[in-house]
Number of protein chains: 2
Amino acid sequence: MRDMQSEPQAFDRVLSSMCTEPHPVARDAAERFLATNPGDPGTYPSVSALEEEAIATLGSIAGLEEPAGYIASGGTEANIQAVRIARDRAESQRPNVVMPESAHFSFQKAADILGVELRIVPTDDDFRADLEAVRASVDEATALVIGVAGTTEYGRVDPIPELGEIARSVDAMLHVDAAWGGFVLPFTDYDWNFDHAAVDTMAIDPHKMGQAAVPAGGLLARSEELLDELAVDTPYLESTSQATLTGTRSGAGVASAVAAMEELWPEGYKRQYVRSQNNAEWLADALEKRGYDVVDPTLPLVAADVPRSTFDALRAKGWRISRTATGELRVVCMPHVTREMLASFIGDLDRLEVRASVPVASDD
Amino acid sequence: MRDMQSEPQAFDRVLSSMCTEPHPVARDAAERFLATNPGDPGTYPSVSALEEEAIATLGSIAGLEEPAGYIASGGTEANIQAVRIARDRAESQRPNVVMPESAHFSFQKAADILGVELRIVPTDDDFRADLEAVRASVDEATALVIGVAGTTEYGRVDPIPELGEIARSVDAMLHVDAAWGGFVLPFTDYDWNFDHAAVDTMAIDPHKMGQAAVPAGGLLARSEELLDELAVDTPYLESTSQATLTGTRSGAGVASAVAAMEELWPEGYKRQYVRSQNNAEWLADALEKRGYDVVDPTLPLVAADVPRSTFDALRAKGWRISRTATGELRVVCMPHVTREMLASFIGDLDRLEVRASVPVASDD
């Protein structure tokens, strides 16, 4: 039990996570609802009512007046379920799903599980879905086109309205993965949501930029009819059917999502977006000044071409950082990431670089 | 936010849930690890180490010296993943899965998602899988045979060793759903685990009888090789692959599972089993004395043929109770269910029955 006595998680060096410290009101709500299960509404009605509130607010954020959906375990579940809806509505026996290479690996999981063909198309020079490539890949067996609103690697937003038109041209659905981006995009000029385009389903996670406690992902659908594709009968429960991928679910996640959104939507999230975006630009600037190639942070996420040896040395100093598939350093400016943390990170980077350029190593 | 100010969940009338109040040490651990994600071990290493501990203890409970597995969102995920492993190892293009009608509805979900044929066979007079029916249903396309160790409706344990032999006779795998039963069966004479039979995979949930906080399900596999069937590559994370159904996961669930098992395995769980079993027998006896048909509680779960109107009146009095598919009252004697609660429940039942037999209703 040694591990459990120590501080379980200090966030002061975490630059790699798309999750964050829950907001204090979200933590409090999670602790109070720890022993509830929204998967059994007949037994736990109060958390069930809270889930309806959560979906209503997620709808407001995502431009949907009468949203259908539920609080999922996370973006992976929401993405799997969106692919499942599309597969089950497809007329083809072997439906395909078209997505940019920038989409999250959970879609690989979804394709494997659901037995659909995944057609992965390249991105353009700015890391966004290449529309010509998407157009060339869809056909009458395409069940779903996927667009990402805030990619995991570079924080890019695909051209969602155009993807919607392409999807419609072959009677396919459009899913938007805004699992990370959904709580910052309302404060930008991007077209990304149900109101902007022919979006059918969306992943939008309160436990990422929404500052709720894990597990609080979000699946939204334009209509209940879409969600009904997922429903199975539920004997033994005093409710009639269940559309979720999991059975028992965390009431803590649901309650903390409601608490966070009630506290922060919209003004608190807006302030956080501005802080995070400024931090990202500050970091990008600091890295550029030091001669690294930096991908312009159009959302609060910075990627830079830092050598592997430097990356490893920073990890050895306790920094939790990660890399893109092509090996770039990747820093996600989540709410717990402060300017001071970034300054300290750059300080460590400078000390490493000085040492690297000095032939005799110091002995610290 | 009104709902969040009120007491979120009083367990004093909950008789329907297969979850329970987390043990105090489990609650404490959950609160401390609320902001961790074992789905990203490169960022959250301490909760990752705890997960290994959790799987080792689950292995001890389930008779497996070198267990493979992980802490899942719950029994549904573990069941889906077990079907997925079997499907992906099957040689048939259209594999089938054979299970008794007593198996949980999550297998319907699994079959729908994974595109396997589900062959549902009857149970015998004691609500256990009918072995002749299972034998008649398997064939060379059978990928998996499912046995339940503690059914949701009647708490029955299927003949697991015999199911293992049938599975082996057609080169199929054997999955045991001990999601609910796994933490009481070690104190009974049943043959149910990896040591007793040719079990390949198992669902065994700390957040049910294990007294951990939701979400803490368990998937166990006899070897890492089986688990590897589930693995997908994980770019952006400083780890190489991910075998879980979900991506981001709850560190609270993992930590609380470790804390509960460290505190309670084996003596605490044994004492709880004895208490729960005695309570079930007391309730069964009380219901029988009142003339109801009762299914003998061989594990701490009571089913009785109570009329629908009585059932509804008890729910109206605030009792959280549920019914079997055939309409019987179903009471699960979880750790939070005390003798006093059951006596109070029987008291309410008696008052209802008196009133029903008196022509003029009282005005209370």
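Reminder, nothing fancy here: chain letters follow the sequence lines and each chain counts from 1.
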Spell out, as yes or no, whether a donor-acceptor pair under 3.5 Å connects the side chain of A:Arg27 to the backbone of B:Leu34. no

Cut-off 4.5 Å, heavy atoms of chain B, and the answer for A:Arg323 is both

Looking only at B:Arg13, B:Gln242, B:Glu77, B:Lys208, most heavy-atom pairs under 4.5 Å shared with chain A are made by B:Gln242

Side chain to side chain contact (heavy atoms under 4.5 Å, CB included) evaluation trace for B:Leu245 with A:Ile80: CA-CA 9 Å; B:Leu245 186 58; A:Ile80 292 173; 4.1 Å; yes

So do the side chains of B:Gln108 and A:Asp233 get within less than 4.5 Å of each other, counting heavy atoms only? no

All heavy atoms of B:Phe11 vs all of A:Ala35, minimum pair found to be CZ-O, 3.2 Å

Can you tell me which of A:Thr248, A:Asp205, A:Leu15 forms the most heavy-atom pairs within a distance under 4.5 Å of chain B? A:Thr248

Calculate, to the nearest 0.5 Å, the distance between atoms CZ and CG belonging to A:Arg320 and B:Asp40 respectively. 9.5 Å

Do the side chains of A:Ser73 and B:Pro215 get nearer than 4.5 Å, heavy atoms only? no

The criterion is salt bridge (Lys or Arg N to Asp or Glu O under 4.0 Å); which residues satisfy it with A:Glu263, sequence neighbours excluded? none

Separation between CD1 (B:Ile113) and CG (A:Leu230), nearest 0.5 Å, reads 8.5 Å

When A:Ala252, A:Gly39, A:Ser250 are compared by non-hydrogen pairs under 4.5 Å with chain B, the top option: A:Ser250

Heavy-atom side-chain proximity of A:Lys109 to B:Thr244 below 4.5 angstrom: yes

Restricting to side chain to side chain contact (heavy atoms under 4.5 Å, CB included), what partner residues turn up for B:Thr152, sequence neighbours left out? A:Tyr236, B:Met18, B:His104, B:Arg330

So, do A:Asp112 and B:Asp88 sit near enough that their side-chain heavy atoms are less than 4.5 Å apart? yes

A:Thr43: which of B:Ser17, B:Ser16, B:Ser322 passes side-chain hydrogen bond (donor to acceptor under 3.5 Å, both in side chains): B:Ser16

Any sub-3.5 Å donor-acceptor pair from B:Arg249's side-chain atoms to A:Gly74's backbone N or O? no

Looking only at heavy atoms and a cut-off of under 4.5 Å, which of B:Glu153, B:Arg87, B:His207 has the most pairs with chain A? B:Arg87

